[in-house]
2 protein chains.
Amino acid sequence: MTAPSRREQNRMDRTRRILDGALRVFAQAGYSGTTMDAVAAAAGLSKPTLYQYFPSKEDLFQAMMLGLRDKMMAVFDHPSPKGMVHDLHAFAWDYADAVMQPEMLSLARLIIGEVQRFPEIGRAYQASGPDRLLAGIMAYLELQRAAGRLAFDDAELAAQDLWGLILSAPRTQALYQPDTVPNRHDLARYVTNGLRVFLRAYSTSPEDDLLQLEALASARTTGDEE
Amino acid sequence: MTAPSRREQNRMDRTRRILDGALRVFAQAGYSGTTMDAVAAAAGLSKPTLYQYFPSKEDLFQAMMLGLRDKMMAVFDHPSPKGMVHDLHAFAWDYADAVMQPEMLSLARLIIGEVQRFPEIGRAYQASGPDRLLAGIMAYLELQRAAGRLAFDDAELAAQDLWGLILSAPRTQALYQPDTVPNRHDLARYVTNGLRVFLRAYSTSPEDDLLQLEALASARTTGDEE
DNA sequence: CGAATTCTTAACTCTGTAGTTAAGGTTTTC
DNA sequence: GAAAACCTTAACTACAGAGTTAAGAATTCG
């Protein structure tokens with residue numbers, strides 16, 4: 001590939017700055033609470049330039065939301081299996097951390113609130129985030145079933161159960177009450193309990209797995225940073 | 001109590017009509033997508049009259065949302081225990097039906113989308129709906145624990161698990177994709193599976209309970225109205 | 001019935017904001 | 001270094017929608 005000219009470079013730079021700025025403003029103020037002046041200010045450029053890059057507010061919004069696909073996908077790449085309980089624990093925390101970030105929550109609120117006006121966005125989000133994640137979990141669970149460590153009929157339901165057990169309560173709370181988002185300590189309660197119930201219902205050797213889980217959970221609460 | 005005069009009657013009538021109309025319009029178009037002209041039309045009266053009853057759009061919105069408390073509470077009154085599995089099954093369906101209605105989903109989207117602008121609404125909703133429901137489930141689960149039919153440490157977590165297992169997946173899907181809300185048949189899959197997992201993890205005699213559950217589930221799918 | 005009250009109609013003000021335009025400055029390219 | 005491309009500033013248009021006002025019709029009450 002040939003080196004990009006200065007002009008092309010600038011253009012890409014500004015596009016990125018606009019999308020970043022737009023994300024911040026939209027996530028904080030909602031679609032109709034966001035003014036194009038505010039977006040221009042957040043992106044550090046002028047309104048006519050903004051309109052040079054995106055012909056309308058709606059286009060900008062769509063472009064921004066659809067552009068998030070790539071960012072979200074990164075969360076769901078799964079490395080290095082180290083034993084089922086360990087993997088599930090690690091996965092649960094990775095996802096919990098990602099999904100419970102204030103910006104992610106704002107974004108989720110934004111999508112949910114605007115989905116009637118922009119159905120495409122809801123579909124894109126679902127396909128890039130949850131569906132993809134679910135597919136990843138499903139594949140992993142199938143693997144563990146094949147290895148005789150889990151027992152279930154329907155992998156999709158099992159994967160959704162795992163998600164629901166771990167995050168449905170704190171996430172629902174966070175969506176409805178932005179000022180009382182569960183902290184790490186509360187989250188640990190949900191995550192550990194969710195895994196516990198999942199293993200009790202699905203593991204072929206629940207006693208062993210539960211012991212491992214308690215060890216991991218207590219290790220995490222003692223060696224806690226941030 | 002003395003009989004209301006004609007004037008008072010009219011006043012109450014119009015207030016109700018305004019709130020009903022506002023609910024329909026807001027739920028469908030969102031807060032800022034809603035115009036006061038549209039509300040007046042939906043309520044079947046004129047704009048100046050509307051402003052006589054509610055001094056501003058914001059006031060109307062708040063009044064409408066807070067007024068929903070009473071309506072929502074009705075769902076969560078629990079009658080006639082007939083055996084744990086039966087009760088849980090009945091409860092799960094009552095709640096699923098209520099919560100998955102299109103209007104309820106629109107409302108949830110509205111609240112979530114506007115909660116940053118109206119934090120009070122989120123708190124009121126949470127307190128009147130989910131929290132109240134949770135308290136009801138918790139009380140019921142405690143009862144069954146005392147009777148030796150369930151085993152758990154933390155009733156709140158158990159209640160949230162039940163909720164999450166049954167409804168988190170279809171509800172999340174419905175929130176993000178209004179045009180593909182799960183139908184009764186899909187819902188049955190989630191509800192039955194959720195109860196199954198819950199019983200497997202929490203029941204003291206899972207085998208018996210699961211048999212009962214399957215009987216109830218198949219009875220429901222065969223004798224299905226609507 | 002007659003007076004008080006409350007409604008409707010229809011037009012109006014005011015504000016906020018999407019999107020545009022023109023004049024002049026800055027950066028990039030050759 | 002000069003021309004092309006692109007940017008900023010600042011003011012502008014157009015419009016939608018919240019909230020108001022005044023004239024007159026309909027209702028309610030005594």
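Everything quoted here is computed from the prediction, not taken from an experiment. Below, chains carry the letters A, B, ... as their sequence lines are ordered, and counting in each starts from 1.
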Novice: Classify B:T49 by what it touches in the nucleic acid, base, sugar-phosphate, or nothing, heavy-atom distance under 4.0 Å.
Specialist: base
Novice: Between C:dC7 atom P and B:R6 atom CZ, what is the distance in whole Å?
Specialist: 13 Å
Novice: Just by modelled atom types, is the A:A29 backbone N or O under 3.5 Å from a matching donor or acceptor in the B:Q116 side chain?
Specialist: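 The answer is no, because no donor-acceptor pair under 3.5 Å joins these two groups.
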Novice: Return the value, rounded to whole Å, for the distance between atom OH of B:Y53 and atom P of D:dA18.
Specialist: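 Taking atom P of D:dA18 as the reference, OH of B:Y53 is at 20 Å.
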Novice: Closest to the A:T35 side chain: C:dA18, D:dT27, D:dG19?
Specialist: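 The listed nucleotide nearest to A:T35's side chain is C:dA18.
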Novice: Roughly, in whole Å, what's the span from CG in B:D37 to P in C:dT8?
Specialist: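 The answer, rounded to whole Å, is 13 Å.
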Novice: Please confirm whether the ring centroid of A:F91 lies under 6.0 Å from the ring centroid of A:Y140.
Specialist: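 Between A:F91 and A:Y140, the centre distance exceeds or equals 6.0 Å.
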Novice: Reckon B:P48 touches a base, only the sugar-phosphate, or nothing at all at heavy-atom distances under 4.0 Å?
Specialist: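 The residue B:P48 makes base contact.
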Novice: For A:T34, report the nucleic acid contact type (base, sugar-phosphate, nothing); a contact means any heavy atom under 4.0 Å.
Specialist: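 Answer is sugar-phosphate: A:T34 comes under 4.0 Å of backbone atoms only.
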Novice: Report the distance from atom CG of B:D59 to atom P of D:dA18, rounded to the nearest whole Å.
Specialist: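 The answer, rounded to whole Å, is 14 Å.
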Novice: How many Å lie between CG on A:N10 and P on D:dC7, as a whole number?
Specialist: 8 Å
Novice: Between D:dA22 atom P and B:Y51 atom OH, what is the distance in whole Å?
Specialist: 18 Å
Novice: Side chain of A:K47, base of C:dG19: donor and acceptor closer than 3.5 Å?
Specialist: yes
Novice: Are A:S168 and B:S168 close enough that a side-chain donor and a side-chain acceptor fall under 3.5 Å?
Specialist: no
Novice: Is B:S46 touching bases, backbone alone, or none of the nucleic acid, heavy atoms closer than 4.0 Å?
Specialist: base
Novice: Ignoring hydrogens and angles, state whether a donor on the side chain of A:S106 or A:Q28 is under 3.5 Å from an acceptor on the partner side chain.
Specialist: no
Novice: Could you tell me how far apart B:K57 (NZ) and D:dA18 (C1') are, to the nearest whole angstrom?
Specialist: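 It works out to 8 Å between those atoms.
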Novice: Heavy-atom nearest nucleotide on DNA chain C for B:R7 versus B:L50: which residue maps closer to 5'?
Specialist: B:R7
Novice: What does A:R11 touch in the nucleic acid at a heavy-atom separation under 4.0 angstrom: a base, only the sugar-phosphate, or nothing?
Specialist: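 The answer is nothing, as A:R11 stays clear of every strand by at least 4.0 Å.
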Novice: Return the CZ to CE distance between A:F152 and A:M138, rounded to the nearest 0.5 Å.
Specialist: 8.5 Å
Novice: Let me know the distance between CG of A:L60 and C1' of C:dA18, rounded to the nearest Å.
Specialist: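 A:L60 atom CG is separated from C:dA18 atom C1' by 13 Å.
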